[in-house]
Amino acid sequence: MKRKGNIYEEICKRENIEKAINKASCRKKNRPNVKKVIDNVDYYILELQKMLINKEYKPSTYIEKTIHDGANKKERIIYKPCFYPDQCVHWCLMLQIEKLLKRRNV
């Protein structure tokens, strides 16, 4: 397997962060916390970029939610990350490493 360098610089780029926020907000645009970020996207892109460049990002606590899953409606407890910055940072990472993870050694 070949080594890929300089991924962190790609993760911190403005275009990548903007695309990540759009991906993270897919099917969530009517939620108040997502709408707040989308309405002022330039500000949040710069804030997230500063956090990543300065390595100041700290994951926030997860939101605990009870769901009823499957045909039997079994009760399950899930833990959701916050939309901003956690899900946005997740997408920043995934946009850069997804192609590396999916690449097949032929």
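Placement of Trp91 and Leu52 in two distinct hydrophobic clusters is found when ILVMFWY residues are connected by side-chain heavy-atom separations under 4.5 Å, directly or transitively. At a threshold of 4.5 Å between side-chain heavy atoms, the hydrophobic network of Ile, Leu, Val, Met, Phe, Trp and Tyr places Leu93 and Leu100 in one connected group. Under the 4.5 Å side-chain contact rule for hydrophobic residues, Ile67 and Phe83 do not share a cluster. When hydrophobic clusters are built by joining Ile, Leu, Val, Met, Phe, Trp and Tyr residues whose side-chain heavy atoms come closer than 4.5 Å, directly or via intermediates, Val34 is grouped together with Val41. In this structure, Met94 is a member of the same hydrophobic cluster as Tyr8, with clusters built from ILVMFWY side-chain heavy atoms closer than 4.5 Å.
Within the 4.5 Å cutoff, no side-chain heavy atoms of Asp69 are placed close to those of Ile78. Counting only heavy atoms from C-beta outward, the side chains of Cys88 and Leu48 approach each other to under 4.5 Å. Contact of the Glu15 side chain with the Glu18 side chain is not registered, since no non-hydrogen atoms from C-beta on lie closer than 4.5 Å. Side-chain contact between Arg14 and Ile45: present, with at least one pair of heavy atoms (C-beta onward) separated by less than 4.5 Å. Side-chain contact between Pro81 and His90: absent, with no pair of heavy atoms (C-beta onward) separated by less than 4.5 Å. Here the side chains of Ile63 and Cys82 are in contact, with some heavy-atom distance below 4.5 Å.
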CA sep, side-chain torsions, deciding dist, call: Glu75, Thr66, side chain to side chain contact (heavy atoms under 4.5 Å, CB included): CA-CA 7 Å; Glu75 188 174 290; Thr66 304; 3.3 Å; yes
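For residues 19-45, the pairs satisfying ring pair (Phe, Tyr, Trp, His ring centres under 6.0 Å) are Tyr44-Tyr84, with sequence neighbours left out.
Summarising the geometry, atom NZ belonging to Lys13 is positioned 11.5 Å from atom CD1 belonging to Ile53; distances are rounded to the nearest 0.5 Å. Rounding to the nearest 0.5 Å gives a distance of 11.5 Å between NZ of Lys35 and CG of Asn33. Interatomic distance, Ile21 CD1 to Asn16 CG, rounded to the nearest 0.5 Å: 10.0 Å. A distance of 11.5 Å separates NZ of Lys50 from CD1 of Ile17, quoted to the nearest 0.5 Å. Taking CD from Gln87 and NZ from Lys23, the interatomic distance works out to 14.0 Å, rounded to the nearest 0.5 Å. Taking CD1 from Ile97 and SG from Cys92, the interatomic distance works out to 11.5 Å, rounded to the nearest 0.5 Å.
Using a 4.0 Å cut-off between a side-chain N of Lys or Arg and a carboxylate O of Asp or Glu, Lys80 and Asp86 do not qualify as a salt bridge.
Among all heavy-atom pairs drawn from Ile11 and Gln96, the shortest one is CG1-CG, 3.7 Å.
The number of heavy atoms from other shown groups lying within 6.0 Å of CG (Asn72) does not exceed 12. In this structure, Lys36 places its NZ atom where only 12 or fewer heavy-atom neighbours from other residues, nucleotides or ligands lie under 6.0 Å away.
Between the Lys28 side chain and the Ala24 main chain, a donor and an acceptor come within less than 3.5 Å of each other.
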